[in-house]
A.B. asks: 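Sending over a structure as structure tokens; questions will come in a sec.
Note: hydrogens, waters and symmetry copies are ignored here, and every other heavy atom, side chains too, is used. Residue numbers start from 1 in every chain, and the chains themselves are labelled A, B, ... in the order their sequence lines are given, proteins ahead of strands.
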Amino acid sequence: MTDMSVQTGAPRRTAFELARRYALFVLLAIMLVGFWWAQPAFINSANLFSILQAVSVVAILGVGVSITMSAGGFDLSVGSVAASSVMAASYAMVVLQFGAGETFALVLLMGALIGLANGLLIVKVGVPDLLATLSTMFLLAGLQLIPTGGRSITAGMMLPDGSTAKGAYDPAFLILGRSRLFDIVPLPVVVMAIVAVLAWFLMERTRFGRVFYAIGGNETAAHLAGAPTKAYRLWAYVISGTLASLGGLIIASRVGRGDVSAGASLLLDAVAASLIGFAVLDKRRPHVLGTVLGAIFVGVLLNGLTMLNAPYYTQDFVKGVVLVGALALTFGLGKKKR
Amino acid sequence: MTDMSVQTGAPRRTAFELARRYALFVLLAIMLVGFWWAQPAFINSANLFSILQAVSVVAILGVGVSITMSAGGFDLSVGSVAASSVMAASYAMVVLQFGAGETFALVLLMGALIGLANGLLIVKVGVPDLLATLSTMFLLAGLQLIPTGGRSITAGMMLPDGSTAKGAYDPAFLILGRSRLFDIVPLPVVVMAIVAVLAWFLMERTRFGRVFYAIGGNETAAHLAGAPTKAYRLWAYVISGTLASLGGLIIASRVGRGDVSAGASLLLDAVAASLIGFAVLDKRRPHVLGTVLGAIFVGVLLNGLTMLNAPYYTQDFVKGVVLVGALALTFGLGKKKR
Amino acid sequence: MLRKGLLAPIRANRPSHSSKAIRQRKTSTNRTLTALSTLSPSSAAPFAVAVSGVEKAFGPTRALAGADLAVRPGEVVALMGANGAGKSTLVKIISGSLAPDAGTITLGGRTVSFASPREAKAAGVATVHQATDQAGAGGLTVAENLLLDEFCGRGPLFVSGRSIRKRAAAIAAALDLDLPLDRDFIDLRPAERQLIAIARAVAAKASVLILDEPTSSLSTAEAERLFTIIRRLAASGMAILYISHRLGDLAAIADRAVVLRGGVIVGEFAQPIDFPAAVTAMIGRRLEAAAHSGEASTAPSILSIRNARLVPGARPFDLDLRSGEVVAITGTLGSGKSRLLRVLFGLTQLDQGTVTLDGAPWLSSGPAASIAGGVFMVAEDRWASSLLPPETPGASIAGTIALPHLPRWFPSGILDTMRERAVGNDAIRRLGIKAKNADDTLDQLSGGNQQKVVLARWQAAPCRLLLLDEPFQGVDVGARADLITAIRNSQSASATLIATSDTEEALEVADRILVMRDHSLFAADDGHGSLTAAIGSVETAETRTQP
Amino acid sequence: AGLAGAPAPFDQGGVKIAVVSFLGSGDWLQAFEAGVKRQSDALGIEANISQARNDINAQRELIQQAINLGVKGIIINNGQPEALKDVAQAALDAGIPVVAYDTNLDNPKIPQVEQSDADMARLVLDQAVKDQGESFDGGVVYVAGFAPLDRRYAVWKEFGKKYPGIKEVAAWGVVNDTVAASVADQTKAVLRANPTISVVFTPWDEFARGVKLAIDELGVADKVKIYGVDISTSDIQAIIEPSSPWVATAATNPSVVGEASVRALAQLIAGQDPGHSILIQPTLVTQKDLLDNNIKTIEELQAKFPAFKDSDAAKASWIPEPK
Ligand SMILES: Nc1ncnc2c1ncn2[C@@H]1O[C@H](COP(=O)(O)OP(=O)(O)OP(=O)(O)O)[C@@H](O)[C@H]1O
Ligand SMILES: Nc1ncnc2c1ncn2[C@@H]1O[C@H](COP(=O)(O)OP(=O)(O)OP(=O)(O)O)[C@@H](O)[C@H]1O
Ligand SMILES: [Mg+2]
Ligand SMILES: [Mg+2]
């Protein structure tokens with residue numbers, strides 16, 4: 001069997017393939033330089049960290065979304081889990097007078113449990129992923145408002161029963177959203193980095209990640225190869241729910257009050273980040289690095305445009321145009337022939 | 001080959017299977033009776049038509065979504081296509097002083113072209129469906145605001161160049177949204193019915209429909225069987241875009257102005273409708289009848305809850321609970337054992 | 001019908017078109033069609049289909065390097081070649097789903113160039129592709145799948161459930177197929193999928209019919225039925241190109257055999273076809289008879305099944321597997337072979353009875369438990385059971401092999417891709433998998449090579465009981481012999497249970513052969529029988545199922 | 001349970017009205033609805049409260065539904081005239097009186113309750129001129145398409161014309177799930193790019209919170225001041241924080257708006273004329289006021305600013321005070 005075909009050792013990459021792999025990096029670099037040129041204040045480190053801070057929540061939620069996507073699912077509930085977590089954290093401190101630590105634990109637990117509920121609905125009851133998480137989304141959007149009768153939660157608020165809330169945001173809780181490491185790096189950015197590195201390691205460097213992807217690729221095959229597929233899919237949702245509630249904690253600790261929202265735009269931004277991630281490194285699949293880069297990409301764009309005083313409505317448009325451009329570049333370049 | 005397997009002529013149905021098939025119908029009936037009992041005004045025909053009118057736009061968009069889903073895609077841009085159509089229709093009449101007919105043609109054409117652009121991005125450039133339509137979504141969200149500088153469009157509005165718009169909504173245009181057939185059936189309901197019947201016929205009674213489903217089931221197989229799969233997928237997006245712009249026209253003719261906020265939640269509602277449709281008749285796939293029924297299901301629920309004076313946040317919650325219940329019932333009952 | 005052993009001279013019971021002996025050619029780069037036609041001077045009719053100088057490269061891999069081939073109307077041509085020789089690539093080019101890099105295709109004398117399968121279909125080329133996962137679309141019923149070509153082509157515009165059922169039933173009846181018309185295609189077993197693919201191609205009423213390993217999961221009876229149809233179609237003037245690694249199939253129907261190797265035609269064999277020579281041309285060496293004792297084993301029993309009933313109402317049976325033994329189960333389609341294997345692997349339960357493994361009761365809760373307990377299974381449908389989409393991490397040869405062994409190889413959880421690659425490269429070398437390296441994804445491999453990877457996966461770790469369901473689907477005769485030797489050598493301390501619908505294959509690989517019928521096992525020999533006895537037993541079993 | 005001495009149908013009790021809001025959530029709406037409930041309870045009215053959640057089409061449906069329900073009167077809270085005129089007319093045709101808050105339905109039969117967004121903006125911007133002088137670099141947070149914001153923004157533009165020294169250096173804004181956080185991110189970028197900005201006008205308290213967050217994070221509270229609109233308990237807390245950049249806000253009391261709307265509708269139902277225009281006067285609240293009076297919540301504000309607590313609008317002798 002030596003005469004079979006001509007073999008070359010390492011895969012040679014054509015220029016097209018290279019361009020496809022790094023298209024988003026190059027675009028990002030162009031954007032950075034362009035904004036710098038147009039507005040020198042753009043490039044100072046404080047602003048760059050502001051950008052990272054601004055995208056941290058979306059990136060964290062996006063990582064969760066991309067993990068569920070890897071396992072062949074889709075978590076539509078991340079936005080409302082994050083929104084509910086903001087309310088839950090506020091409620092815990094302002095109404096129940098919990099401390100920062102307890103609030104943290106409680107909210108993360110809540111996120112994990114919601115993820116578990118999603119997962120059970122999907123793997124045990126057999127509801128399709130999109131459908132199950134969509135229901136959860138609606139359910140949470142309403143549920144989070146019931147304890148306070150639709151009011152947002154702040155210290156001294158009136159409760160539905162007419163009494164006044166006695167608690168307040170624990171100052172220790174606000175550290176997460178408002179302080180900086182070494183006086184430079186905002187803590188949310190540190191959290192995002194930790195989440196990203198851990199998730200990347202899990203998904204790309206451990207056998208668990210391999211199994212997540214295998215399940216997403218062909219669940220039957222993964223099952224026959226001995227993977228406990230149901231447990232993995234459950235875990236994917238638990239991770240996603242926990243990350244979403246972590247995102248909610250960051251929002252709460254930054255804003256310092258429990259604001260009412262359904263989380264729809266958080267969901268879309270998180271999904272956008274993980275979808276843009278498909279194009280990063282030409283992987284054509286969800287992955288952690290791509291998701292984080294996708295979130296940063298959009299963040300840089302929005303920050304730069306705001307600095308250049310572009311009206312808010314052009315921002316969405318430019319976001320769309322740049323997305324289409326980046327995608328056309330990544331996916332269109334040197335496409336495989338039939 | 002005679003002993004291959006035991007065949008029965010017509011498939012026999014167990015009680016579980018029957019329950020699964022008609023679970024949503026039964027739930028709907030229970031809801032109708034329950035609301036009737038709690039609030040007799042609920043059941044009068046004017047209110048029932050109000051419900052149908054309220055869901056007509058979501059149902060039309062949902063049909064588009066379900067057709068793209070049948071063909072293995074997903075159209076995230078329907079909401080923003082509808083919203084842009086509201087703006088475009090208003091702009092055409094108020095600023096460009098077009099008549100009702102021209103406006104109609106223009107907006108439907110616009111919808112079809114956006115669908116075409118989506119389709120080309122997907123089948124020609126090779127961008128994943130979700131990604132392409134998400135970009136379009138962002139792009140349109142910004143684009144629709146640019147001609148008027150982010151303002152809503154009303155007769156006599158100031159244009160960005162300082163002049164005043166001379167046109168106004170054509171009264172003929174408003175007929176679509178505001179008049180009734182035989183003084184009973186609101187025209188949007190008629191339009192919804194026509195769209196539903198045509199789409200149902202296309203998808204269930206012509207070979208085109210079967211090819212759409214085949215492509216969704218296994219694109220390679222359909223391609224090998226001789227289907228021009230790319231053309232079909234393109235058409236799915238064109239249909240979806242056109243239907244979305246039709247939905248936008250109905251909204252425009254109802255609200256009589258180009259409102260920036262119109263249609264914000266349409267996407268999620270349309271997706272919800274077609275996902276709930278999965279459970280109808282136990283098809284476990286997107287289908288037209290199910291989508292329309294899904295939209296009506298949610299419409300009845302919301303109308304009834306409003307009549308019973310439930311606070312808005314309990315509405316979302318109840319929507320979520322009923323969804324989860326309906327799904328658990330449909331998918332959980334008599335599940336297939338491995 | 002009687003099917004002989006692999007190396008026995010095989011002759012079809014039909015008049016031969018040519019009395020010429022073997023003609024072997026080393027290369028065909030400048031071979032012309034006229035030269036080809038000299039092979040069969042008796043028929044001067046124009047070719048129904050002819051390709052010449054066809055080339056196709058996938059990156060650095062040259063799948064076809066100037067292949068020439070021609071089939072006359074009414075002729076059945078067998079296309080032979082080792083795994084990865086380029087057969088399927090040629091099929092895909094003729095059927096319009098791949099574009100050639102060079103070369104011409106003529107159909108009835110007219111040069112054609114198909115831009116899509118649609119055009120090829122319209123021009124009268126019907127194809128059964130090798131991959132059964134592309135035989136139909138899930139979400140549609142069997143009836144709808146039978147009519148898929150009509151839907152996708154120019155069938156009647158309006159359809160209804162009733163009309164579909166009626167027309168589909170007609171198609172199935174024409175081929176004497178008994179298919180569950182209302183079942184979702186996704187729930188079908190590979191054999192049924194294959195039957196649907198065949199039915200669709202035959203119903204297309206084409207002038208050229210290409211069958212790429214159509215019988216790989218069919219049993220002898222179904223294959224025989226297919227041959228009858230093929231003969232009838234050929235008699236009606238259809239040109240048929242038939243690809244198979246089952247030499248018995250080829251012997252039964254081929255008028256002529258063409259051997260492809262390294263992307264070029266290296267040999268042509270007219271009637272009577274000398275298969276041993278063809279195989280030598282195909283794999284580049286002589287094939288030795290696989291030697292195995294067939295003697296009763298006295299080794300300790302590994303698996304014993306007592307009073308087992310697979311499904312309610314079936315006759316209970318016993319089964320013992322001894323260490324080092326290779327036992328084959330054969331039987332018709334749907335007789336329950338796969339079911340037995342699935343039971344042992346923990347995917348379904350016995351209706352009644354006990355299973356003991358190494359003396360302890362064996363009741364697996366699922367694949368994870370089975371694998372941990374040393375019971376491995378190669379499932380029958382590699383596309384559904386083993387292949388991952390190419391963009392998935394772990395879709396490479398190395399990753400595919402490693403997947404079930406990850407917990408054992410990497411107990412800490414951290415992957416060591418070097419180790420995976422080493423195992424992958426070892427498999428490539430050992431099984432002669434035609435691939436650049438262990439990083440190649442499986443979609444780039446030919447069907448037989450994919451199957452070898454799937455087999456290699458379960459040889460990568462020691463086991464107690466190896467369950468192989470149709471393990472040699474699409475694997476060429478040379479590789480099959482290598483694989484069997486490998487199984488015999490490496491599995492000396494374990495038992496192997498093979499479910500195969502191919503009797504020839506069973507005879508070749510097994511120490512013992514059992515026949516499954518109506519979900520019950522019948523011993524083809526009672527511990528001291530010979531292979532001949534086995535054949536006899538198989539045959540009586542088969543005749544008994546077809547009264 | 002009728003109301004003794006009240007005109008029909010209130011003497012019988014069991015009057016049902018519908019309150020259809022354009023908004024979907026937020027503290028303003030909550031307070032408005034609380035006011036509606038209080039006054040309704042006092043009058044023995046059963047109020048069916050629904051929200052269109054920023055969807056004008058849904059608002060039409062809800063009004064239509066109220067007509068179907070056969071209520072005795074409808075309060076329309078915000079919304080777009082073009083979308084609502086014909087359904088409002090349909091309600092009148094069905095004999096159901098309508099009161100509109102903050103949306104000009106241009107119908108002599110429909111009394112208008114107004115809080116005058118323009119007055120609010122003017123109040124607070126006058127304060128800005130008083131504090132910062134007639135020339136400064138200003139920024140404004142604004143998103144078009146929300147009627148009250150449009151009206152408040154128009155006043156800002158007016159001020160720009162009136163005082164040539166006041167320049168709009170930048171305008172930004174976004175409305176999404178996390179308005180405060182997102183506006184904070186934008187504001188940081190804007191303030192970095194335009195360090196000369198000393199005044200930010202925020203026509204919505206949600207925006208003000210975002211800007212405050214950004215100013216705090218950048219540590220420029222001594223240089224940039226916020227002039228806002230609206231007030232709530234959490235707004236008060238934000239204003240009275242030590243060295244808070246948010247120095248003044250103008251607002252009406254949403255509860256009072258709700259109460260006055262119900263009173264006006266009750267008069268219509270009873271066949272009386274509340275007048276065509278019912279105006280609720282806004283109040284200017286400065287940081288100094290709050291600190292000096294030690295006000296920490298909206299309730300304390302009401303106690304200490306009687307003008308904020310109540311309005312004489314649409315009162316009648318037979319209408320009891322809300323409890
Ligand atoms: N999509 C692809 N990308 C890369 N290489 C490919 C692709 N398809 C086929 N090849 C390569 O082309 C060669 C010929 O493959 P082909 O499928 O034609 O073989 P075959 O003769 O049908 O073999 P088998 O008997 O195993 O089915 C193989 O080396 C295979 O690896
Ligand atoms: N997915 C399925 N759904 C329903 N019935 C099935 C399914 N798979 C197998 N069966 C039934 O179980 C019986 C045994 O099938 P099994 O696959 O074990 O047979 P087999 O001997 O392996 O046949 P094959 O040659 O087709 O692989 C058949 O009667 C078949 O109809
Ligand atoms: Mg092949
Ligand atoms: Mg089988």
A.B. asks: Quick one: closest heavy-atom pair of C:L148 and B:A221, and the distance?
C.D. replies: CD2-O, 4.4 Å

A.B. asks: Does any backbone or side-chain atom of B:R285 lie under 4.5 Å from a heavy atom of chain C? Answer side chain, backbone, both or neither.
C.D. replies: side chain

A.B. asks: For C:I186, is it the side chain, the backbone, both, or neither that has a heavy atom closer than 4.5 Å to a heavy atom of chain B?
C.D. replies: neither

A.B. asks: Can you name the nearest heavy-atom pair linking B:V211 to C:F151, along with the distance?
C.D. replies: CG2-O, 3.3 Å

A.B. asks: For chain C, which of B:A227, B:A214, B:A225 has the most heavy-atom pairs under 4.5 Å?
C.D. replies: B:A225

A.B. asks: Side chain, backbone, both or neither: which part of C:E150 has a non-hydrogen atom closer than 4.5 Å to chain B?
C.D. replies: backbone

A.B. asks: Between C:D133 and B:N218, what is the shortest heavy-atom contact and its length?
C.D. replies: O-ND2, 2.7 Å

A.B. asks: Which bit of B:E219 comes within less than 4.5 Å of chain C, counting heavy atoms only: side chain, backbone, both or neither?
C.D. replies: neither

A.B. asks: Counting heavy-atom pairs closer than 4.5 Å to chain B, which one of C:T127, C:N145, C:L147, C:L157 comes out on top?
C.D. replies: C:L157

A.B. asks: Rounded to the nearest 0.5 Å, what's the gap from CZ on B:R210 to CD1 on C:I164? Could you check?
C.D. replies: 3.5 Å

A.B. asks: With a 4.5 angstrom heavy-atom cut-off, which part of C:L140 approaches chain B: side chain, backbone, both or neither?
C.D. replies: side chain

A.B. asks: Is there a donor-acceptor contact under 3.5 Å from the side chain of B:R207 to the main chain of C:R154?
C.D. replies: no

A.B. asks: Measuring heavy-atom distances to chain B, does C:D184 have an atom under 4.5 Å in its side chain, in its backbone, in both, or in neither?
C.D. replies: neither

A.B. asks: Might you point out which heavy atoms bring B:P228 and C:R118 nearest each other, and give the distance in Å?
C.D. replies: CD-NH1, 3.2 Å

A.B. asks: Can you see which heavy atom on B:A222 is nearest to which on C:C152, and at what distance?
C.D. replies: O-SG, 3.9 Å

A.B. asks: Count the heavy atoms of every other residue, nucleotide or ligand shown that sit under 6.0 Å from NZ of B:K283, and state whether that count exceeds 12.
C.D. replies: yes

A.B. asks: For the CH2 atom on B:W235, are there more than 12 heavy atoms of other groups (residues, nucleotides or ligands in this structure) within a distance under 6.0 Å?
C.D. replies: no

